[in-house]
Amino acid sequence: MNEETPEATVRVFIALAPPDDAKDQLERELLPAYEAYPRMRWNRIEDWHITLAFLGELPVTAVPPLRRPLAELAAARGPLRLALRGGGHFDERVLWSGIDGDLEGLHRLAGDVRAVVRECGIPYEGRPLRPHLTLARARRDDPSSVVETAAALAGFQGRAWHTDRLHLVGSNFGRGPGPIRYRDIEAWPLGCGY
């Protein structure tokens, strides 16, 4: 009897990451919420990112063909000037900070990233880009914590910064009841533009 072993997979997305000092500024703004709502499932600060394309669960063999075209795309694109701004929520369950700055450039970059994904033979039917940084998720018995924290973030305006790298990220560890853990599969510096 010949049993097939299941193919190894990894959950993959392509993203930008704010610099540490911009994340530290938002973290300071969130300190009262951390204290008021310790039961929220807070994302680790080192994992904060702006998703350009979520590819979902892929065979590990689908990842290497993405590397070269994403590296070429990154080299051809200049940095974007962005900032973290305000807060909001999806369905009273997911807390996020908004993104400000060169949103047109961000949408163009996401479109180009998604085109590379499709050209590499990976089906992509993602949702339209809604630039944000996911901060936390509410527990089912506590939806008010997200709404109240989003309202407290409404006036937040982070410092502007320039994106410096395009990240290919995997989240194949930490699945289960604990927090999701991300790791860079690879990251490429953004170039000088076209």
- Item | Qualifying salt bridge (charged side-chain N to carboxylate O under 4.0 Å, His left out) pairs, either residue in residues 147-169, two or more places apart | D21-R159
- Message: Any heavy-atom pair between the side chains of L80 and H162 that's under 4.5 Å?
- Response: no
- Query: Does T51 use its side chain to pair, donor to acceptor, with the backbone of A15 at less than 3.5 Å?
  - Reply: no
- side chain to side chain donor-acceptor pair (under 3.5 Å) involving D24 - partner list, sequence neighbours excluded: none
- Looking only at heavy atoms, what is the nearest atom pair of R77 and G105, with distance? NH2-O, 3.6 Å
- Check whether any side-chain heavy atom of V94 sits under 4.5 Å from a side-chain heavy atom of L135, and report yes or no. no
- Message: Is there a side-chain contact between Q157 and D100 in this structure, where contact means two heavy atoms from C-beta onward sitting under 4.5 Å apart?
- Response: yes
- Query: Considering residues, nucleotides and ligands other than R67, do more than 12 of their heavy atoms fall under 6.0 Å from its CZ?
  - Reply: yes
- Query: According to the interplanar angle, ranging from 0 to 90°, do the rings of F90 and H132 count as parallel (below 30°), tilted (30 to 60°) or perpendicular (above 60°)?
  - Reply: perpendicular
- Nearest heavy-atom pair of V117 and Y124: which atoms, and what distance? CG1-CB, 4.0 Å
- Item | Heavy-atom side-chain contact between I185 and V169 under 4.5 Å | no
- Message: I'd like to know if D142 and R39 make a salt bridge, using a cut-off of under 4.0 Å between side-chain N and carboxylate O.
- Response: no
- Passes ring-ring contact (aromatic ring centres under 6.0 Å, His included), H167 versus Y182? Steps please. CA-CA 11 Å; H167 299 262; Y182 303 117; over 10 Å; no
- Gap between atom CG of L55 and atom CD1 of I14 - 0.5 Å precision: 4.5 Å
- Query: Can V146 and D91 be said to form a side-chain contact (heavy atoms from CB on, under 4.5 Å), step by step?
  - Reply: CA-CA 9 Å; V146 164; D91 300 326; over 6 Å; no
- Message: Under 4.5 Å side-chain heavy-atom separation, chaining through any Ile, Leu, Val, Met, Phe, Trp or Tyr, what else clusters with V147? Say none if it is isolated.
- Response: none
- Residues two or more places apart in sequence or in another chain: which of them pass ring pair (Phe, Tyr, Trp, His ring centres under 6.0 Å) with H89? none
- Roughly how far apart are E46 CD and D20 CG, rounded to 0.5 Å? 9.5 Å
- Query: Are I50 and L82 close enough, and set up right, to give a side-chain contact (heavy atoms from CB on, under 4.5 Å), and what steps lead you there?
  - Reply: CA-CA 11 Å; I50 303 162; L82 301 174; 4.2 Å; yes
- Examine F13 and W96 and state if one hydrophobic cluster contains both, with Ile, Leu, Val, Met, Phe, Trp and Tyr joined whenever side-chain heavy atoms are less than 4.5 Å apart. no
- Message: Under the criterion salt bridge (charged side-chain N to carboxylate O under 4.0 Å, His left out), I'd like the reasoning laid out for K23 against E27: C-alpha separation, chi angles, the key distance, then a yes or no.
- Response: CA-CA 6 Å; K23 293 189 287 187; E27 180 187 30; over 6 Å; no
- One should read off an interatomic distance between Y37 OH and T149 OG1, to the nearest 0.5 angstrom, of 5.0 Å
- Query: Does one side chain, of E186 or W188, offer a donor that lies under 3.5 Å from an acceptor on the other?
  - Reply: yes
- Query: Side chains of L129 and L106: closer than 4.5 Å at any heavy-atom pair?
  - Reply: yes
- Message: Testing the basics here: between T9 and V60, what is the closest heavy-atom pair and its distance to 0.1 Å?
- Response: C-CG1, 4.0 Å
- About how many Å separate CD of E104 and CZ of R108, when rounded to the nearest 0.5 Å? 5.0 Å
- Do the non-hydrogen side-chain atoms of L52 and F54 ever get within less than 4.5 Å of each other? no
- Message: Going by the rule ring pair (Phe, Tyr, Trp, His ring centres under 6.0 Å), which residues pair with Y34 if we only count those two or more places apart in sequence or in a different chain?
- Response: W42
- Query: Do you know which two heavy atoms are closest between W161 and A17, and how far apart they sit?
  - Reply: CZ3-O, 4.2 Å
- Hey, what do you get for OG (S145) to CD (E92), rounding to the nearest 0.5 Å? 10.0 Å
- Side-chain contact test, heavy atoms from C-beta onward, threshold under 4.5 Å: evaluate it for L168 versus L66 and give yes or no. yes
- Item | Shortest non-hydrogen contact between G86 and S97, atoms and distance | O-OG, 3.2 Å
- Task: Determine the minimum heavy-atom distance between A53 and V113, stating which atoms define it.
- Result: CB-CG1, 3.9 Å
- Query: Rounded to the nearest 0.5 Å, how far does CD1 of I99 lie from CZ of R85?
  - Reply: 9.5 Å
- Would you check if the side chain of N43 reaches a backbone N or O of T134 as a donor-acceptor pair within less than 3.5 Å? yes
- Query: Counting N and O atoms only, with roles assigned by atom type, does the side chain of R93 sit under 3.5 Å from a partner on the main chain of A138, one being a donor and the other an acceptor?
  - Reply: yes
- Message: Checking R81 now: which residues fulfil salt bridge (charged side-chain N to carboxylate O under 4.0 Å, His left out) with it, not counting sequence neighbours?
- Response: none
- Are R41 and R139 close enough that some pair of their side-chain heavy atoms sits under 4.5 Å apart? yes
